[in-house]
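To find a chain, count down the sequence lines: A is the first, B the second, and so on, and within it residues start at 1. Keep in mind that this is a model prediction, so the values were computed, not measured. These values consider heavy atoms only, across backbone and side chains, with no hydrogens, waters or symmetry-generated copies.
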Amino acid sequence: MKFLEYEAKKIFGSYGIPVPRGVLISSPEDLESGVAQSIGDGVVLKAQVDVGGRGKAGGILMSDQDTMARTARELFGRDIKGVPVREILVEERVSIDHEYYLSIAIDRSTKQALILFADSGGVDIETVAKEDPKALRKASVPVILHDIPAFMLRELRGDAPKEVEKIINSLYRVFCEKDALLAEINPLVSTPSGIIAADAKLIVDDNALKRQGITQNRDLTEREREAERHGFSYVELEGDIGVIGNGAGLTMATLDLIEFYDGKAANFLDVGGGADQERVRHAVNLVAGVSSVKVIIVNLLGGITRCDDVARGIVEAGVDQQIIVRLAGTNEELGNEILAGKGYRMMDSMEDAVQAAVEASR
Amino acid sequence: MIYADKNTGIVVTGATGKQGAFHVALMNEYARQVGGRGVVAGVSPGKAGHDVDGVPVYNTVRDALKEHDASCSVIFVPAFAAADSIMESANAGISLAVAITEHIPVHDTMKAIAYAEMNGCSVIGPNCPGLISPGEIKLGIMPAHLSRRGNVGVISRSGTLTYEIVDELTKAGLGQSSVIGIGGDPVIGQTFADVLARFEDDPQTKAVAIIGEVGGSLEEEGAKSTDLPIVAYIAGVSAPPEKRMGHAGAIIEGGEGDARSKIRRLKENGVPVASRPSEIPGLIRGLL
């Protein structure tokens, strides 16, 4: 789950990483009490939306104490890449001498935390890697070490101020203790009064939300959340063919085949392992409830999942859309018997099923 | 043979749970068919003295290994305790831990894998279906009836899609040497490169199908690391960026790990890439 900037800054700050003075407002009227008066004359208003390239999309506005209220009204009235602005972080405008980049992420290849530090920040790190590779330094921290070795900190920092080492250490503690997949400060800026995290990004492992005390994954849409309650993996897409599969790989492959045959999938729904009648019924109802769905393909490979259970779930759901079914594995014949003569189209292979679904969607 | 054979003794942790008990029985059924040793002990803390499908249960892996000779563990314990079970296995002297459990926090997985490897224990998974070497051994939850003994190795990040492809291979008359599900999480123990290295030392394996998906670059790294003839399929060509496609590891992040660039890099490396699962048997045949 992604944290918003102000939440990430609060956490970073609590670990001793200097962040700009600021207040969060949820309406222009919040400024009337004078909450933002103490943060200095020059201010910057930053829309708290989870959108990449927020600055370029008009989500960050410069202002000062006199014009702040007007600027806030303007920003609250905006959509940033389609996301309405509901909260704004009002921050002191810091005077920047130099910008750095700092991130800690999980490196799948080394199975360790990978720290990246670059002498040039504020821009896309991939651009730095391409255009000025010498400015970018990396270190992998063996998970069995409690702290980052001093030599790694020295190498990462290079010629940057010494206090950067303390910030890297603090960010690594955030990364470990908050079950982060990514902790990033871009830019990390040097100012006349020291080094400050001008922006902050924190993504927490969805599998660790519970022990991090997070009860709801905000990254999910309402329907995705409903799917999660039933134990499904669900992703909303923009087409008209509803897709239900078991197993992430098989469901993805079904989506890919739909694209291969020039169809458009409306969703990704993986019912998970050992789906019973009730779960299949919920899955079919959930997908059928999406207004754009014209036809549904159910592609299930029975193992622990029994095809007769699946068939009963499909029938019980009783939805209006045409359903194309491909069942294989445990109790396959029984499943097809249950569905026979009830208006479902049964297919032997996943390719035939996908082709039939694409045709039916036209 | 890679990792294990019919002489391998298996310990199952989380054996008294619903999933654990169900699969102890299936693994043993397979062992009976092929004349293997199968599951020799179960482990569930506090359940010593019970039995599952005729297999004695112990409180700890160490206790189980005092009474039985086993080198592999298959882990079914819930996510919050699964990483610990991997480490317990390694500490007790297990040399291969197969972690079926899904939803283990990735920081736990990193620690458990590092600790296991320090103790000479390889980890397959987590979030994986395990492996099957037809005619020898089944470690995990793969349906046994789809596979036939043969010369094709299969390595996959997925579960049911693997069964689909194994079924296609078998129907095309292409048996398998070993089928390994390495897991759908971002951090996994044995990678494509690790399993390919094992296949290189296995005279039975003549060609390998690698079944990858969006996220990371383990497929390309594996392909680069081996001289074996390989064929690839990558799921998720139609996956949108920044969305987790069912598996914790199946996500295109920061513009990296998308299927098309994976496929391009594999092809640049001389690897034939199937655009549909049904093309895999034909491509494999072309290599044999």
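With a threshold of 4.5 angstrom between heavy atoms, Glu168(B) does not approach chain A through any atom at all. The parts of Glu164(B) that come within reach of chain A are both its backbone and its side chain, each placing non-hydrogen atoms under 4.5 angstrom from that chain. Looking at Ile104(B), the atoms closer than 4.5 Å to chain A (heavy atoms on both sides) all sit in the backbone: N, CA, C or O. Residue contact with chain A, scored on non-hydrogen atoms closer than 4.5 Å, is absent for Ile211(B). Contact of Tyr233(B) with chain A is made through the side chain alone, with heavy-atom distances under 4.5 Å. The parts of Leu301(A) that come within reach of chain B are both its backbone and its side chain, each placing non-hydrogen atoms under 4.5 angstrom from that chain. Within the 4.5 angstrom heavy-atom criterion, only side-chain atoms of Pro277(B), from C-beta onward, approach chain A. For Val187(B), the part lying near chain A is the side chain, with the backbone staying farther off; criterion is any non-hydrogen pair under 4.5 Å. For a residue to count as touching a neighbouring chain, one of its non-hydrogen atoms must lie under 4.5 Å from one of that chain's; by this rule Ile258(A) does not touch chain B. If you measure heavy-atom distances from Ile144(A) to chain B, the contacts under 4.5 Å come from the side chain alone. For Ser278(B), the parts lying near chain A are the backbone and the side chain together; criterion is any non-hydrogen pair under 4.5 Å. With a 4.5 Å cut-off on non-hydrogen atoms, Met118(B) touches chain A through its side chain but not through its backbone. The part of Arg157(B) that comes within reach of chain A is its side chain, from C-beta onward, which places non-hydrogen atoms under 4.5 angstrom from that chain. For Phe232(A), no part lies near chain B; criterion is any non-hydrogen pair under 4.5 Å. Contacts between Glu228(A) and chain B at a heavy-atom distance below 4.5 Å are absent for every atom of the residue. For Ser217(B), the part lying near chain A is the side chain, with the backbone staying farther off; criterion is any non-hydrogen pair under 4.5 Å. Proximity to chain A is limited to the backbone of Ile188(B), based on heavy atoms less than 4.5 angstrom apart. Residue contact with chain A, scored on non-hydrogen atoms closer than 4.5 Å, involves the side chain of Glu253(B) exclusively.
Between Arg276(B) and Met350(A), every side-chain heavy-atom pair lies at or beyond the 4.5 Å cut-off. Taking 4.5 Å as the limit, every side-chain heavy atom of Glu238(A) sits out of range of all side-chain heavy atoms of Pro240(B). Under the 4.5 Å side-chain criterion, counting only non-hydrogen atoms from C-beta, His103(B) is not in contact with Asp206(A). Here the side chains of Ser233(A) and Arg244(B) are not in contact, with every heavy-atom distance at 4.5 Å or above.
The closest side-chain donor-acceptor pair between Asp179(A) and His107(B), if any, does not fall under 3.5 angstrom.
Proximity of a side-chain donor or acceptor of Asp205(A) to a complementary backbone N or O of Val106(B) within less than 3.5 Å is detected. Using modelled atom types, one side-chain atom of Asp256(A) and one backbone atom of Ser238(B) make a donor-acceptor pair closer than 3.5 Å. Listed for the Lys111(A) side chain is no donor-acceptor partner under 3.5 Å among the backbone atoms of Ile113(B).
Checked options Asp107(A), Thr110(A), Val143(A); the residue passing with Met110(B) is Val143(A) (criterion: side-chain contact (heavy atoms from CB on, under 4.5 Å)).
How far OG1 of Thr160(B) is from CG of Leu250(A): 4.5 Å, rounded to the nearest 0.5 Å.
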